[in-house]
Amino acid sequence: MDGMNVPEIEAKAVPDDVYLLDVREPDEWQAGHAPTAVHIPLGMLQQRVDEVPAGVPIYVVCRVGGRSANATAWLNHVGRQAINVGGGMRSWAEAGRPMVTDTGGQPFVA
């Protein structure tokens with residue numbers, strides 16, 4: 001990813017009430033996600049990019065940070081203001097940030 005724009009922030013430092021984009025697979029999302037996150041799997045991001053707002057910072061998260069770094073680089077390349085959440089949902093959970101499931105079960109990072 002030489003030359004690609006991939007700014008990064010620690011999970012514990014992500015502000016509340018931001019646009020948080022989760023690019024994990026559906027089974028990972030179902031296991032547990034941030035309460036306000038929007039789910040667009042990485043493989044669908046190019047087709048669904050119009051759902052991602054322009055003109056506001058986009059915080060991008062995956063499980064450990066690799067897929068979200070790729071998504072961040074691509075989003076910045078197409079004119080969005082994306083920031084990778086370093087360490088992904090693993091770091092999110094370790095930082096004690098809130099997590100939920102759509103079924104109400106005990107959330108975990110899959």
**Prompt:** How long is the span from the CD atom in Gln46 to the CD1 atom in Ile40, to the nearest 0.5 Å?
**Reply:** 12.0 Å
Would you say the side chain of [Y] lies within less than 4.5 Å of the side chain of [X], judging by non-hydrogen atoms?
X      : Y     : answer
Met44  : Val23 : no
Tyr19  : Pro57 : no
Met99  : Pro35 : no
Pro7   : Thr72 : yes
Arg24  : Ser68 : no
Leu75  : Leu45 : yes
Thr101 : Gln30 : no

**Request:** Before giving the answer on side-chain contact (heavy atoms from CB on, under 4.5 Å), spell out for Ile58 and Gln81 the whole-Å C-alpha distance, their side-chain angles and the decisive distance to 0.1 Å.
**Result:** CA-CA 6 Å; Ile58 309 300; Gln81 300 170 337; 5.7 Å; no
Taking all non-hydrogen atoms of both residues, which atom of [X] and which atom of [Y] are closest, and how far apart?
X      : Y     : value
Val52  : Leu21 : CG2-CD2, 4.3 Å
Ala73  : Val6  : CB-CG2, 3.6 Å
Leu20  : Ala34 : CD2-CB, 3.4 Å
Gly65  : Asn84 : O-ND2, 3.5 Å
Ala11  : Gly88 : CB-O, 4.4 Å
Pro107 : Gly32 : CB-CA, 3.9 Å

Determine whether a donor-acceptor pair (N or O, by modelled atom type, separation under 3.5 Å) exists between the side chain of [X] and the backbone of [Y].
X     : Y     : value
Trp92 : Pro98 : yes
Asn76 : Ala82 : yes
Arg80 : Val49 : yes

Membership question, hydrophobic clusters at under 4.5 Å side-chain separation (ILVMFWY): are [Y] and [X] in the same one?
X     : Y      : answer
Val61 : Val109 : yes
Val38 : Val85  : no
Val56 : Ile9   : no
Trp74 : Ile83  : no
Leu42 : Trp29  : no

**Request:** Would you please test Asp102 and His33 for side-chain contact (heavy atoms from CB on, under 4.5 Å) and show each step?
**Result:** CA-CA 9 Å; Asp102 293 341; His33 56 271; 3.1 Å; yes
**Message:** Would you say that more than 12 heavy atoms from the other residues, nucleotides or ligands in this model lie under 6.0 Å from the CD of Glu10, or not?
**Reply:**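 Counting neighbours around CD of Glu10, 12 or fewer heavy atoms of other residues, nucleotides or ligands fall under 6.0 Å, so no.
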**Request:** Show your reasoning for whether side-chain contact (heavy atoms from CB on, under 4.5 Å) applies to Arg97 and Val14.
**Result:** CA-CA 10 Å; Arg97 302 297 301 260; Val14 174; 3.8 Å; yes
**Prompt:** When you look at Arg63 and Met89, which way does the side-chain contact (heavy atoms from CB on, under 4.5 Å) test go after all the steps?
**Reply:** CA-CA 5 Å; Arg63 191 172 117 223; Met89 287 302 295; 5.5 Å; no
